[in-house]
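Accompanying notes for the structure given below.
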Amino acid sequence: MLRGTRAPRPTNLLNMRPELRQESQTPPRRVAFVLSGGGSLGAIQVGMLQALLEEGIKPDLLVGTSAGAVNAAWVAGLPHCDGVKDLAGIWCGLRRQDIFPLSPWAGARGLIGRTNHMIPNEGLRALLDRHIPYQRLEDAEVPIHIVATDLKTGHAVILSSGPAVPALLASTAIPGVFPPVTIGRRELVDGGVADMTPIAAAIAQGATHVYVLPIGYSWLRQERTNAIGMAMQALARVVEQRLHVEVAAFGHSADIRLLPTIDGPAVSPADFSRSPELISRAYRATKRYLSKPPAELKESEAPRRVVELAPLSAQVA
């Protein structure tokens, strides 16, 4: 060292001015897309993805459950507008028999206990093998995290590496409908059983900005006319409440944007014939949402009451 010069003092965060210390500790911006499950209603997310990418909003990581996991896996391999257009083409070409090939024989075997499922997953496996553009999850261009459920414990399992197709089959394995998938020593089923909209998983992976792509449930606005309708509406209420709880719980940890769901007629999660309409509606709704000024956007996302309790007298009655 030259005579008369001082050695540089080591940086000490405790001695830094508060504004500099705060800046040095600010985590880098990481955008996550969180995609929920919903069967054929996953087409809604395709319209949302189109609008997001057109506006220049791109993910640094993706987290998906069930049908949302399939959409997330596709975008992780082709994270651009042309890739989502190709995904829209796949959705518009799907038919119920491609995913849910009903067979009286297979159904009867499931009902009498000869198997633990009603529908084999060969059709879905063939579809995934044909279209997912990489073999292993860690080979995706954008980090992808697939949510499944441990059948034994009921806990969510996050799959971020390993063969892509088995992970997606596990995440979409609706209990009783499709067979469970064994990965490692775990028997896995549909991720929606543990967490339909895994915001927590995105934040655990370092997300600072989260765009939630829910499929919405039009059944909530429909009159309940039969037992199946009652069950579907009850399930939709549970999923909706869980979503709002997670948004409220993690709002301090990340900037969470809940994309708007669409208004429209109730569509069965096994009905793929409405995919073009769902994509178009979701695209327009998301475009309107993203065009709002920041102040108006913030106001529209004011926290909503998650649980509304009736007065005590009404509860007792």
Side-chain angles (χ1 to χ4, degrees), residues 34-42 61-74 76 96 98-103 105-132 134-140 143-202 204-205 215 231-232 234-235 238-239 242-243 246 269-270:
V34 173
L35 292 82
S36 68
S40 66
L41 300 179
L61 64 124
L62 296 114
V63 183
T65 291
S66 198
V70 177
N71 285 333
W74 176 272
R96 180 186 59 78
D98 297 330
I99 310 298
F100 301 106
L102 297 178
S103 164
W105 172 245
R109 285 173 57 83
L111 289 173
I112 64 176
R114 295 292 181 88
T115 64
N116 58 7
H117 58 278
M118 304 282 288
I119 300 174
N121 62 10
E122 278 84 358
L124 180 56
R125 180 187 293 274
L127 184 72
L128 296 172
D129 280 332
R130 188 162 62 250
H131 292 295
I132 296 300
Y134 47 87
Q135 297 294 318
R136 298 180 63 84
L137 295 176
E138 61 266 33
D139 294 336
I144 173 71
H145 307 282
I146 304 299
V147 180
T149 301
D150 187 318
L151 187 58
K152 183 178 181 180
T153 66
H155 295 160
V157 175
I158 310 300
L159 303 169
S160 305
S161 62
V165 170
L168 293 171
L169 288 175
S171 185
T172 55
I174 304 169
V177 177
F178 292 124
V181 176
T182 300
I183 296 180
R185 296 183 178 182
R186 290 190 174 110
E187 200 170 20
L188 304 178
V189 295
D190 196 302
V193 174
D195 198 350
M196 183 65 85
T197 312
I199 296 172
Q205 297 296 329
I215 56 101
M232 294 299 288
L235 173 62
V238 171
V239 172
R242 170 67 185 268
L243 172 58
E246 285 213 16

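Please read these numbers as outputs of a predicted model, since none were measured by experiment.
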Which pair of non-hydrogen atoms, one from [X] and one from [Y], has the smallest distance, and what is that distance?
X: Pro269; Y: Phe100; value: O-CE1, 4.1 Å
X: Gly37; Y: Ile215; value: O-CG1, 3.2 Å
X: Ile158; Y: Ala201; value: CD1-CB, 3.8 Å
X: Leu137; Y: Ala167; value: CD1-CB, 4.0 Å
X: Gly38; Y: Ala67; value: N-CB, 4.1 Å
X: Ala164; Y: Ile132; value: CB-CG2, 4.4 Å

Study note, to complete from the structure: Residue set satisfying salt bridge (Lys or Arg N to Asp or Glu O under 4.0 Å) with Asp190, at least two apart, ordered chain then number -> none
Exercise for review: Quick one: list whatever passes salt bridge (Lys or Arg N to Asp or Glu O under 4.0 Å) with Arg136, sequence neighbours left out.
Suggested key: Glu138
Backbone of [Y] reached by a side-chain donor or acceptor of [X] within 3.5 Å:
X: Thr65; Y: Asp195; result: yes
X: Glu187; Y: Lys152; result: no
X: Asn121; Y: Leu169; result: no

How many angstroms lie between atom [atom1] of [X] and atom [atom2] of [Y], to the nearest 0.5 angstrom?
X: Ile146; Y: Leu188; atom1: CD1; atom2: CG; result: 12.0 Å
X: Phe178; Y: Ile99; atom1: CZ; atom2: CD1; result: 7.0 Å
X: Ile119; Y: Ile174; atom1: CD1; atom2: CD1; result: 8.0 Å

Test: salt bridge (charged side-chain N to carboxylate O under 4.0 Å, His left out). Region: [range]. Which pairs qualify, not counting sequence neighbours?
range: residues 174-186; value: Asp150-Arg186
range: residues 155-165; value: none
range: residues 155-178; value: none

Run the side chain to side chain contact (heavy atoms under 4.5 Å, CB included) test against [X] and tell me which residues pass, sequence neighbours left out.
X: Ala140; answer: Ala76, Tyr134, Ile144
X: Thr149; answer: Val189, Val193, Ala194
X: His155; answer: Thr153

Practice item. Flag the pair Asp98 / Leu127 as yes when at least one side-chain heavy-atom distance between them is below 4.5 Å, and no otherwise. Key: no
Point to revise | Selection residues 156-176 - residue pairs positive for side chain to side chain donor-acceptor pair (under 3.5 Å), sequence neighbours left out | key: His145-Ser160
